[in-house]
There are 2 protein chains.
Amino acid sequence: MAPSRSSVVPLSKRKIACKDCSLFQICLPVGISEEELERLEKIIQRRRPVKRGDHLYNSGDPFRSICAVRSGSIKSYVPTEKGNEQVTGFHLPGELLGLDAISQKIHPCSAKALETTSVCEIPYEQFELLSNELPVLHRQLINLMSKEIFEEETHMVLLGKKSAEERLAAYLFSISMRYQRRGFSATEYYLSMSRNDIGNYLGLAVETVSRMFTRFQDDGLLTVERKHIIIHNLDRLRHLAGAMPCKSGGNSFCLTRS
Amino acid sequence: MAPSRSSVVPLSKRKIACKDCSLFQICLPVGISEEELERLEKIIQRRRPVKRGDHLYNSGDPFRSICAVRSGSIKSYVPTEKGNEQVTGFHLPGELLGLDAISQKIHPCSAKALETTSVCEIPYEQFELLSNELPVLHRQLINLMSKEIFEEETHMVLLGKKSAEERLAAYLFSISMRYQRRGFSATEYYLSMSRNDIGNYLGLAVETVSRMFTRFQDDGLLTVERKHIIIHNLDRLRHLAGAMPCKSGGNSFCLTRS
DNA sequence: AACGGAATATGACAAATATCAATTTGTCCT
DNA sequence: AGGACAAATTGATATTTGTCATATTCCGTT
């Protein structure tokens with residue numbers, strides 16, 4: 001049975017130059033020159049795909065490089081005593097991870113592949129050297145980090161203020177938007193993470209997540225079959241997600257319910 | 001006249017050069033040369049103190065500069081419909097704010113003074129220009145942002161996993177450490193924020209915060225009289241705060257209960 | 001293909017914390 | 001200094017969500 005991700009290409013089989021990579025505009029600075037791009041490409045490493053369950057790095061590992069997901073997905077989490085853990089984020093194609101380790105030079109989180117996943121690595125020392133000559137690289141990293149800080153604030157609002165229903169709705173809506181941005185369907189996808197991981201990330205018990213999925217389905221909001229999600233009413237989903245910081249029409253931020 | 005930090009000096013009355021400022025090692029890159037420092041100083045602006053309740057900026061305002069608290073304290077929050085808000089952080093002397101606005105060029109949060117507060121501003125455009133010549137400035141900013149991302153992950157663990165008791169303990173312990181780092185007492189201080197703000201930040205109702213303060217006091221852990229806090233057993237407080245990411249003795253991160 | 005363990009789903013119940021209400025205390029302003 | 005409003009505390013009750021138990025389905029492994 002064929003995965004319905006429109007045209008599936010075995011990404012892992014091909015060596016792709018950065019400028020041909022679909023993650024181009026996300027990973028790389030806008031307005032970079034051809035020559036600058038070549039120099040950046042030289043230091044980017046493409047690891048061979050990691051298998052489901054494998055770790056990209058572990059909590060406590062020395063920080064060596066920033067990673068960008070090319071395909072697949074990664075879960076970041078802080079391990080705690082006796083197998084407990086707190087999931088701190090999921091990383092979809094085009095998204096970075098490891099930015100929390102730059103300052104301490106040690107990874108505070110572990111990163112585990114949720115499925116077969118391929119990743120680009122940018123060795124940080126070399127990136128630093130290159131940035132001395134190309135400040136635009138530094139600037140792009142700062143922008144991406146600022147965005148991450150903003151997104152973590154959004155998640156703080158979720159954890160601090162939202163009900164279980166709002167949390168799951170906001171989560172699904174966020175996944176939708178992130179897939180959409182990458183050119184995938186916003187209304188139909190496979191969730192690569194378990195209910196356990198979702199609950200953990202959202203500060204909910206697994207059972208609560210399960211019940212909310214059931215409720216959403218009973219309400220006709222979506223169809224869910226294990227990991228396969230079809231959203232029938234994205235607008236209602238956003239509405240259910242409750243207030244979230246977003247750019248309003250003009251130049252100001254606001255909190256809307258729709 | 002030598003301003004010693006313990007004897008209270010009307011800080012707001014004096015123009016202080018960066019290199020004489022007590023926030024020196026926090027605001028500024030280590031290993032910066034005398035000449036580089038002078039150039040940075042030229043672009044740093046010292047606003048006259050803002051009064052309690054005044055806003056440094058509002059959600060939706062255009063982003064112009066990064067702010068550093070010199071004295072006093074600031075609350076960051078995302079305003080929501082009808083006066084509701086989510087507090088996203090408190091900023092004590094030596095700490096930065098506004099890093100979440102760099103990417104969008106618009107402040108997603110509002111920033112309000114909790115008491116009379118003086119602030120340094122670094123106009124971001126000028127900072128960018130200067131950074132082209134002094135990459136060390138960019139590097140320092142990246143480090144500070146990485147630290148902030150890590151700290152927000154820590155707060156995510158608090159909101160996602162901890163009980164009310166653990167949350168308040170973790171909060172007080174965090175304040176203690178931050179004051180200690182600035183050379184103030186870790187065990188006695190005035191909380192400039194209201195119970196409401198604390199509860200909001202911790203994802204708890206005001207009443208719950210109040211009850212936890214009472215419980216801590218009944219347990220002999222601390223003495224609390226409105227905003228005045230005396231902690232009698234910092235170690236037990238840390239223990240009550242539950243697991244938190246921290247550097248262990250060696251080179252690895254771990255989650256300890258003490 | 002069969003087995004076994006893991007993930008998911010669902011129901012019954014318990015517990016933590018929110019909500020509501022009332023009181024006290026403190027602080028700001030005239 | 002007095003008065004009014006805001007903040008904090010405390011108690012009683014409600015509600016949401018977590019926990020425990022059980023059933024079911026799925027997936028990977030032999």
Side-chain angles (χ1 to χ4, degrees), chain A residues 1 3 51-54 75 83-87 112 114-116 158-172 190-219 222-229 240 242, chain B residues 51-54 75 83-87 112-116 158-172 190-218 222-229 240 242:
Chain A
M1 133 154 165
K51 284 200 305 290
R52 175 189 153 95
D54 284 354
K75 153 179 107 169
N84 236 6
E85 61 183 50
Q86 168 70 41
V87 175
K112 185 194 260 187
L114 294 168
E115 58 195 307
T116 301
L158 180 146
L159 291 172
K161 283 261 179 304
K162 289 183 195 280
S163 68
E165 183 174 86
E166 289 173 323
R167 289 182 201 200
L168 187 61
Y171 178 72
L172 293 174
Y190 285 85
L191 287 171
S192 58
M193 64 294 291
S194 69
R195 300 283 191 271
N196 233 310
D197 288 337
I198 295 174
N200 189 310
Y201 179 62
L202 298 179
L204 298 171
V206 204
E207 294 91 332
T208 306
V209 175
S210 221
R211 279 184 251 271
M212 289 304 143
F213 268 121
T214 307
R215 181 191 296 183
F216 286 165
Q217 175 150 263
D218 291 348
D219 289 355
L222 46 76
T223 301
V224 52
E225 205 187 352
R226 297 274 158 163
K227 298 186 175 308
H228 184 205
I229 308 283
L240 267 185
Chain B
K51 285 200 304 290
R52 175 191 153 96
D54 283 354
K75 153 179 109 170
N84 236 6
E85 62 184 48
Q86 169 69 40
V87 175
K112 186 194 260 188
L114 294 168
E115 58 196 308
T116 302
L158 180 146
L159 291 172
K161 283 260 179 306
K162 289 184 195 281
S163 68
E165 183 174 85
E166 289 173 322
R167 289 182 201 199
L168 186 60
Y171 178 72
L172 293 174
Y190 284 85
L191 288 170
S192 57
M193 64 293 290
S194 69
R195 300 283 192 271
N196 234 309
D197 288 338
I198 296 174
N200 189 310
Y201 179 62
L202 298 178
L204 299 171
V206 203
E207 294 91 332
T208 306
V209 174
S210 217
R211 279 184 250 272
M212 290 303 144
F213 268 121
T214 307
R215 181 190 295 181
F216 286 165
Q217 174 149 263
D218 291 350
L222 46 76
T223 301
V224 52
E225 205 188 351
R226 296 275 158 163
K227 298 187 174 309
H228 184 206
I229 308 284
L240 267 184

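Atom CD in A:Glu165 sits about 18 Å away from atom C1' in D:dG18, given to the nearest Å. Counting to the nearest Å, the P atom of C:dT27 and the NZ atom of B:Lys51 are 20 Å from each other. What separates NZ of A:Lys162 from P of D:dT17 is a distance of 13 Å, to the nearest Å. Atom P of nucleotide D:dA8 and atom CG of B:Asn200 are separated by 13 Å, given to the nearest angstrom. A straight line from CG of B:Leu114 to P of D:dA6 spans 18 Å, rounded to a whole angstrom. We find that CD of A:Glu225 is positioned 18 Å from P of D:dT24, with the value rounded to whole Å. Rounded to an integer number of Å, the gap from B:Asn196 CG to D:dT9 P is 12 Å. Distance B:Glu115 CD to C:dT27 C1': 16 Å, rounded to the nearest Å.
Taking every heavy atom of residues 202-210 of chain B and every atom of DNA chain C, pairs under 4.0 Å involve B:Gly203, B:Leu204, B:Ala205, B:Glu207, B:Thr208, by number.
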Requested in this report: Please report the C-alpha distance between A:Arg195 and A:Phe213 in whole Å, then the side-chain angles of each, then the deciding distance to 0.1 Å, and finally whether the side chain to side chain contact (heavy atoms under 4.5 Å, CB included) criterion is met.
Outcome: CA-CA 10 Å; A:Arg195 300 283 191 271; A:Phe213 268 121; 3.4 Å; yes

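Summary of the strand contacts: B:Met193 and A:Arg215 both lie near DNA chain D, and taking for each the nucleotide with the nearest heavy atom, the more 5' one is attributed to B:Met193.
B:Ile229 contributes atom CD1, which lies 9.0 Å from atom OG1 of B:Thr223 (distance to the nearest 0.5 angstrom). Interatomic distance, A:Glu207 CD to A:Met212 CE, rounded to the nearest 0.5 Å: 12.0 Å. Rounding to the nearest 0.5 Å gives a distance of 3.5 Å between CG of A:Asn200 and NZ of B:Lys161.
Residue B:Thr214 places at least one side-chain N or O under 4.0 Å from the OP1 or OP2 atom of D:dT10. Checking the phosphate oxygens (OP1, OP2) of D:dA8, a side-chain nitrogen or oxygen of B:Lys227 falls inside 4.0 Å. Between B:Arg195 and D:dT9 there is a side-chain polar atom (N or O) within less than 4.0 angstrom of OP1 or OP2.
Between A:Gly203 and A:Arg167, the closest heavy-atom pair is O-NH1, 3.5 Å. Across every non-hydrogen atom of B:Ser192 and B:Glu115, the tightest pair is CB-OE2, 3.3 Å. Across all non-hydrogen atoms, the minimal contact from A:Lys75 to A:Asp197 is NZ-OD1, 3.0 Å.
At a cut-off of 3.5 angstrom, the base of D:dT19 holds at least one donor-acceptor pair with the side chain of A:Arg211.
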